[in-house]
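One structure below.
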Amino acid sequence: MKNKLLALTFTISISIGATVHADKTPVEWVNPFIGTGAVANSLSGNNYPGATVPFGMVQLSPDTRVAPDWAQASGYDYNDRQIIGFSHTRLSGTGASDFIDILLMPTTGKTCIEAQESPRSGTGYQSAFSHDRESASPGYYKVTLDSYGIDAELTASARVGMHRYRYPQGADSSHIVLDLDHSANKGSWGRRIINSQIRIVDPCTVDGYRIITGWAKLRKIYFRIRFSQPIKNVLLADGSRIYHNMPVINGTALKAVFDFDTRHNTTVMAKVALSPVSIENAIQNMSAEIPGWDFDDVVRQASGMWNAELGKIQVQGTDLQKEIFYTALYHTMIQPNIMSDANGDYMAADYTVRRLSGNDKHYSTFSLWDTYRAAHPLYTLIHPDRSAHFIKSMIRQYDYYGYLPVWQLWGQDNYCMIGNHAIPVIVDAIQKGIPGIDMEKAYEAVRKSSLISHPNSPFDVWDKYGYMPENIQSQSVSITLEFSFDDWCVARLAKKLGKEDDCRYFAGRSENYRNLFNPETRFFQPKDDKGNWITPFDPYKYGANGGYPFTEGNAWQYFWYVPHNIKSLVRLTGGDKAFAEKLDHFFTSTHTSGEKNDNASGFIGQYAHGNEPSHHVAYLYNYVGQPWKTQQYVSYILNNLYDNTSAGYAGNDDCGEMSSWYIFSAMGFYPVNPASGIYVIGSPLLEQADIHLPGGNSFTVKAPKKNDKEIYIQSVRLNGKKYDKTYITHQDILQGGTLEFKMGVKPSSWGKKPEMRPVEEPLM
């Protein structure tokens, strides 16, 4: 099939113009409602609008579902018209729901709990709301609960959430509901509450805990709540059993209703401190972070923290570009989450309590199948110190599990997704010289995580066959391709540390992808344990997360996954011309075979920007001398598959990965091989981006444009000198300077020559 790519007309919706509102701070550009609710036939991002601080444990936001599940994984859906309450933990952008802990909800009148009635719908204490009376900014959220006439405001520190409720004048029956039974859907992941407790400490203080299992196993959440007014009366309930003014209750379906006198003071505030370790630590967290009652000051502090982090990249562009960019940057900093308390205690992976030394911090929520691709490379640029803490946190799991995280949540691995992608994160950070990492210990963890079998990682099978047979291990083709990349990463670190035998061994395994390449179909294709190709084979057919050779994709989308050896993939395909033609077909073929996987969205032909396996593919034209096609497709994705609506992302944001693609690509480059230390050049969207680096250096990218059709690179200069490579290195950026693009409306000859192409570092 001969494609006429240059004849395609792309509609680019963002106009290029002079920067306005230059006096606004980064926080003021963030729109937390982007990506919070899908429109018809789309995914939205699965984000939420509530209050948190960068990488905080507390993520305080409204829940709009009684039992949030896959499609509302963060607990909030912009399309809903009721609020169930405000819970203190959640995931951002994931395709599966968990957390949703410790819900508070202010009410007036009699709740169904007090009336000892089963609610006719919802919980019996939910409220209608309107987006007209809802607002949010980083670290702050406000909504009017229309059913009660209550204005609710939320803010947070790292480990403490703060609520301010303003009840209507004259209300003589004002309550706050505490619901420890509320959670993500109990029908998913075997979720159930094992035990919980509510204890009345004094008229203003409540302690408790919840132990729950689900996607993350056996999570312990301890809390202390302080109210700004004394509680008049307390109703405690365990399911249908009701108790009045008891000091403590234990059970598996606990709720409490606290009554307050708001006739003379209509404002009631609450501080909720969390700890994964103990109530005592929750008390210390509150004392350390929000000892007083100045709600507005906590908002200012949270905003200041966000401005400091978001200000690490300053951009120039249109208002819309800046809104999308800074919101995306904001979304990259919501997770991973800090999991150590203010005193350094944390719950280790073996469920024992350990204490960190010095200034160490412990983190969790590692969505590594997603975030190793662009989010973690972004962290090495703008958060190198925090990157070291992330890596040391991963290595702590190795200490107790014997291998690094696959998908870690609240300190425990849930083994969701495939591959062992803590490995590229660690190798990339060490190769880039991130300080504070014990390289020998890191290598030990990386090596053993590639040798010790664990769920979806049967290395005995890997070594025996040189591929994953589908009749032994499902998702076999995807796992074979992703293991090959991980093994390349191990070999690269072994080479750096002078471990030559290991380098040879893992370099050899990194070529195992070849064993599933079928020269007749020209695709990577599943085999059985006898070496037979499994038929029938349809490269357009989609897989899910088990029972099929491809993970959340098809053979077309996984064909391009050899990021560590694109030259070899080009040769397998038949050379530069054949590779470019196959890319052309990939981006233009709309053929389908049966039902698509739910995670496949944001289509350009077979390219699916809504899920991660496709994310690097638009940049591959650079490897075969056709960079103008990379520029055209990257520009199209930036301008058409991101917007500032509630459905602002083409798929799940996946803990900031979809956002990280935008951050890199809008600046003009992307880490195709996320452990190589090079960034492949695309089509810069922004007029200027200034990356403020640790140590005082800044790296500036300039791409002035006269109109929105100037998407093609005409020439490039680095620090004033002509620059002909279609990639730039991490070290080039760290040295500081200016990368300047001259843009035009037509493709140019820039980047066509073989010596301009991205290169992979040879291992042997």
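All of these numbers come straight from a predicted model, not from anything done at the bench.
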If you measure only the distance, is there a donor-acceptor pair under 3.5 Å linking the side chains of [X] and [Y]?
X      : Y      : value
Gln59  : Thr89  : no
Asn46  : Ser74  : no
Thr365 : Gln335 : no
Asp345 : Asn281 : yes
Asn79  : Asp77  : yes
Glu153 : Tyr140 : yes
Gln284 : Ser287 : no
Asn343 : Asp341 : no
Asn47  : Thr36  : no

Measure the [atom1]-[atom2] distance between [X] and [Y] for me, rounded to the nearest 0.5 Å.
X      : Y      : atom1 : atom2 : value
Thr327 : Trp29  : OG1   : CH2   : 10.5 Å
Gln314 : Leu686 : CD    : CG    : 12.5 Å
Leu236 : Leu254 : CG    : CG    : 8.0 Å
Thr107 : Phe258 : OG1   : CZ    : 12.0 Å
Ser275 : Met286 : OG    : CE    : 12.0 Å
Asp653 : Ser659 : CG    : OG    : 3.5 Å

Any sub-3.5 Å donor-acceptor pair from [X]'s side-chain atoms to [Y]'s backbone N or O?
X      : Y      : value
Gln229 : Asn265 : yes
Thr205 : Asp202 : no
Ser228 : Met269 : yes
Ser196 : Leu180 : no
Lys142 : Ser135 : no
Asp294 : Asp297 : yes
Thr213 : Leu218 : yes
Ser61  : Gly50  : yes
Ser646 : Ile34  : no
Ser127 : Ser147 : yes

Handout entry: Arg65 and its side-chain hydrogen bond (donor to acceptor under 3.5 Å, both in side chains) partner, picked from Gln126, Gln72, Gln82, His182
Key =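 The side-chain hydrogen bond (donor to acceptor under 3.5 Å, both in side chains) with Arg65 is passed solely by Gln72 among Gln126, Gln72, Gln82, His182.
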
Practice task
Measure the acute angle between the ring planes of Tyr642 and Tyr649, then classify it against the limits of 30° and 60° as parallel, tilted or perpendicular.
Solution key: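 Answer is perpendicular, since the angle exceeds 60°.
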
[X]/[Y] ion pair, N-O < 4.0 Å:
X      : Y      : value
Lys220 : Asp101 : no
Asp319 : Lys322 : no
Arg226 : Asp207 : no
Glu323 : Lys24  : no
Lys255 : Asp238 : no

In this structure, is the centre-to-centre distance between the rings of [Y] and [X] below 6.0 Å?
X      : Y      : answer
His389 : His383 : no
Trp70  : Trp189 : yes
Trp306 : Tyr330 : yes
His131 : Phe129 : yes
Phe227 : Phe260 : yes
Phe390 : Phe55  : yes

Smallest separation among heavy atoms of [X] and [Y], with atom names:
X      : Y      : value
Ser188 : Asp69  : OG-OD1, 3.0 Å
Ser97  : Pro68  : OG-O, 3.7 Å
Phe325 : Ala666 : CD1-CB, 4.2 Å
Pro49  : Ala136 : O-CB, 3.4 Å

Student check: side-chain heavy atoms of [X] and [Y] closer than 4.5 Å:
X      : Y      : answer
Asp63  : Arg90  : yes
Met105 : Asp179 : no
Leu104 : His163 : yes
Tyr76  : Phe33  : yes
Tyr125 : Tyr148 : yes
Ile249 : Gln197 : no
Tyr326 : Ile313 : no
Val30  : Leu310 : yes

Handout entry: Arg81 CZ: over 12 foreign heavy atoms closer than 6.0 Å
Key =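 Correct, the count exceeds 12.
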
Exercise for the section: Mark yes when over 12 heavy atoms from residues, nucleotides or ligands other than Asn359 sit less than 6.0 Å from its CG; otherwise mark no. Expected result: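 Not buried by this count: 12 neighbours or fewer within 6.0 Å.
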
Exercise for the section: Let me see the working for Phe99 and His88 under ring pair (Phe, Tyr, Trp, His ring centres under 6.0 Å), right down to the final yes or no. Expected result: CA-CA 8 Å; Phe99 292 178; His88 290 75; over 10 Å; no

Practice task
Begin from the C-alpha positions of Asp296 and Arg164 and carry the test salt bridge (Lys or Arg N to Asp or Glu O under 4.0 Å) through to its verdict.
Solution key: CA-CA 10 Å; Asp296 295 326; Arg164 181 162 65 185; 3.0 Å; yes

Exercise for the section: Would you please test Asp385 and Lys361 for salt bridge (Lys or Arg N to Asp or Glu O under 4.0 Å) and show each step? Expected result: CA-CA 11 Å; Asp385 291 345; Lys361 295 178 176 62; over 6 Å; no

Practice task
Please determine if Arg355 forms a cation-pi arrangement with Tyr346, meaning its NZ or CZ atom is less than 6.0 Å from the six-membered ring centre and no more than 45° off the ring axis.
Solution key: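 Verdict for Tyr346: no cation-pi partner in Arg355.
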
Problem - Full working for side-chain hydrogen bond (donor to acceptor under 3.5 Å, both in side chains) between Ser364 and His362 - result: CA-CA 7 Å; Ser364 188; His362 187 68; over 6 Å; no

Practice task
Any chance you could lay out the salt bridge (Lys or Arg N to Asp or Glu O under 4.0 Å) test for Asp98 and Arg191, step after step, and finish with the verdict?
Solution key: CA-CA 9 Å; Asp98 209 340; Arg191 186 172 289 107; 3.7 Å; yes

